[in-house]
Amino acid sequence: MKASDQQKKGIADQLAVAGVDVGAHKKLCNLVILRGTEVVASISQIAPEDLPALCIEHGVQVVGVDAPCIWRKGSAARQAERDMARAGVSSFSTPTEEQGQSSRFYDWMFFGMRVYAALAATHPRLQAARYTSGSVCFETFPHAITCALLGADVASAALKSTQRKALLEALGIDTTKLKSVDARDAALCALTAQFLLRGKTRTYGDAVGGFIHVPEVTPDDAVAIIAKMGKFA
DNA sequence: GTGGAACGCTGTCGTGGTTC
DNA sequence: GAACCACGACAGCGTTCCAC
């Protein structure tokens, strides 16, 4: 690792970052706050409107959110989703707002929009491909993060429960505070926030359809992570 | 009783194979 | 080559089962 990268990593590890996994009426949101590899907080069933105060209380710099930041416009999929499909990363297809209103199945997406709206005053959505400074939130999602860290051919949504837990542990994060799959997904979002602070993220999409940020690692790093995961990779 | 894991469901997209 | 269909992928939800 270059000296400048070491310095960025050190700064990123000192700052608190957060990940939010968005559910609907019953589950609400899961919030996980990381500082370095330490899980500072893991809180479940939080209303979107309560997130800013918790982020400020813990000095959170960047928030990764597991929910679409923008509805689809027209019949074509969002640019970010098309980009990921070309890269071999399957993703959930964001509907139009009208489609979202037609089924309760999409209630969780409206909760996601509430998360971005609630954070707008303290952590406005990053609307550029690269992070420069300040407190922001950004869109990401666990399967894409897993694909980015392990490779699309290794990551499996079917094994998400065990594989994502093993991935977090391979990266040195204590998962004992992360009781549910949702908490672990939020932790992966927080982890991506650390990569964003270091300038080590890959970005899919455009300003119109919104950006999706995922970690960027070297092939050697991916091999090392997979080796640490053992049978779960 | 509580919490975690597993499973099937919904809705849409992209891919690959088959048919015309 | 174009059109069609089947399949597998993702997300969250609800239910069921099992371990503690």
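Labels below follow one simple rule: chain letters A, B, ... track the order of the sequence lines, proteins then strands, and each chain is numbered from 1.
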What is the distance from CD of A/Glu139 to P of C/dA11, rounded to the nearest Å?
-> 12 Å
Looking at every strand, decide which applies to A/Asn30 at a 4.0 Å heavy-atom threshold: base, sugar-phosphate, or nothing.
-> nothing
Within this structure, what is the CD-to-P distance between A/Glu81 and C/dA11, rounded to whole angstrom?
-> 12 Å
For A/Asp66, which residues count as a side chain to side chain donor-acceptor pair (under 3.5 Å) partner, sequence neighbours excluded?
-> none
Roughly, in whole Å, what's the span from CH2 in A/Trp71 to P in B/dG11?
-> 15 Å
Rounded off to whole Å, could you give me the CZ-to-C1' distance for the A/Phe111 and C/dG12 pair?
-> 12 Å
Nearest heavy-atom pair of A/Ser42 and A/Val32: which atoms, and what distance?
-> OG-CG2, 3.8 Å
CZ of A/Arg202: more than 12 outside heavy atoms within 6.0 angstrom?
-> no
Rounded interatomic separation in angstrom, taking OH from A/Tyr204 and C1' from C/dC10 | 15 Å
Which whole-number value in Å describes the distance from A/Asp66 CG to C/dC13 C1'?
-> 14 Å
Indicate whether OP1 or OP2 belonging to B/dA5 is found under 4.0 Å from a side-chain N or O atom of A/Arg184.
-> yes
Look at all strands and tell whether A/Asp182 reaches a base, only sugar-phosphate, or nothing, counting heavy atoms closer than 4.0 Å.
-> nothing
Measure the shortest side-chain to side-chain distance between A/Leu167 and A/Ile225 over non-hydrogen atoms and say whether it is less than 4.5 angstrom.
-> yes
Within this structure, what is the CG-to-P distance between A/Asp21 and C/dC10, rounded to whole angstrom?
-> 15 Å
note: A/Phe141, atom CZ; C/dG12, atom P; distance rounded to Å ~ 10 Å
